[in-house]
Amino acid sequence: AENALDLFPNKFGCYFMYGVVLVETGKYDEAMYILEEATLVSGSLRENIILLKIAQALLSVRNGDNKKALKYIADLNLQEIQDPMGLELAGDIYAVLGQSKKSAEAYQKALFLGANATRINRKIDQ
């Protein structure tokens with residue numbers, strides 16, 4: 001993943017994916033750095049800004065700071081998100097925060113956009 005940043009230094013998607021991988025592997029300090037870098041290449045594209053908030057909320061949840069995570073996703077409009085991975089992550093965050101209706105909505109839209117059905121359905125059934 002780090003090589004992708006060398007190959008595509010101005011591609012927000014590479015930073016987003018790498019930041020999420022770092023979060024999910026418990027490398028929170030590195031993830032924080034990469035997500036800060038992502039803000040520099042995100043531009044003003046609304047989708048990038050939304051995905052960045054989701055990644056920052058995920059980092060906050062994994063760090064046990066649910067209050068901070070809520071701030072990142074407080075104004076999140078799932079209808080604006082067209083990225084299945086972003087929607088799945090939003091569903092994961094909402095699930096941790098106990099917002100099952102929002103979680104299910106995010107997972108359903110992720111499925112509609114082509115997310116892995118087996119993985120998503122497993123999360124919905126939990």
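Across Ile54 and Ala90, no two heavy atoms sit closer than the pair CG2-N, 4.0 Å. Phe12 and Ala38 make their closest contact through CD1-O, 3.7 Å (heavy atoms, listed as atom of the first residue, atom of the second, distance). Nearest heavy atoms, Ala69 versus Val61: CB-CG2, 3.5 Å. For the residue pair Leu35 and Leu52, the shortest heavy atom distance occurs at O-CD1, 3.7 Å.
Distance alone, capped at 3.5 Å, places no donor-acceptor pair between the Ser103 side chain and the Ser100 backbone. A donor-acceptor pair under 3.5 Å links the side-chain atoms of Thr25 to the main chain of Val21, judged by distance alone.
The line from CD1 of Ile124 to OH of Tyr107 is 8.0 Å long, rounded to the nearest 0.5 Å. For the atom pair CG (Asn121) and CG (Leu111), the distance works out to 5.5 Å, reported to the nearest 0.5 Å. To the nearest 0.5 Å, atom CD1 of residue Ile120 and atom CG of residue Asp125 are 11.5 Å apart.
Hydrophobic clustering, with ILVMFWY side chains joined whenever heavy atoms are under 4.5 angstrom apart, keeps Met17 apart from Leu40. Val20 and Ile49 are assigned to two separate hydrophobic clusters, defined by single-linkage of ILVMFWY side chains at heavy-atom distances under 4.5 Å.
The number of heavy atoms from other shown groups lying within 6.0 Å of CG (Asp29) does not exceed 12.
Side-chain contact between Tyr94 and Ile73 is present, with at least one heavy-atom pair separated by less than 4.5 Å. Counting heavy atoms from C-beta on, the side chains of Tyr18 and Leu22 come closer than 4.5 Å. Proximity of Arg46 to Glu80: side-chain heavy atoms (C-beta onward) are separated by under 4.5 Å at one or more points. Residues Leu51 and Leu89 are not in side-chain contact: their nearest non-hydrogen atoms beyond the backbone lie 4.5 Å or more apart. Contact check for Tyr15 versus Val41: side-chain heavy atoms found under the 4.5 Å cut-off. At least one side-chain heavy atom of Tyr28 sits under 4.5 Å from a side-chain heavy atom of Leu59.
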Under the side-chain contact (heavy atoms from CB on, under 4.5 Å) criterion, do Glu105 and Lys101 qualify, and how do the steps go? CA-CA 6 Å; Glu105 182 183 345; Lys101 185 177 177 186; 5.5 Å; no

Go through it in stages, so that I can follow the logic: the residues are Gln99 and Leu70, the test is side-chain contact (heavy atoms from CB on, under 4.5 Å), and I'd like the CA-CA distance, side-chain angles, deciding distance and then a yes or no. CA-CA 11 Å; Gln99 296 183 16; Leu70 271 172; 3.4 Å; yes

Result block: side-chain N/O donor-acceptor pairs under 3.5 angstrom for residues 81-88, not counting sequence neighbours:
residue	atom	partner	partner atom	Å
Gln82	NE2	Gln79	O	3.4
Asp83	OD1	Met85	N	3.0
Asp83	OD1	Gly86	N	2.6
Glu88	OE1	Arg119	NE	3.3
Glu88	OE1	Arg119	NH2	2.8
Glu88	OE2	Arg119	NE	2.7
Glu88	OE2	Lys123	NZ	2.6

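Each side-chain hydrogen bond (donor to acceptor under 3.5 Å, both in side chains) pair with one or both residues in residues 56-70, not counting sequence neighbours, appears once here: Glu24-Arg62.
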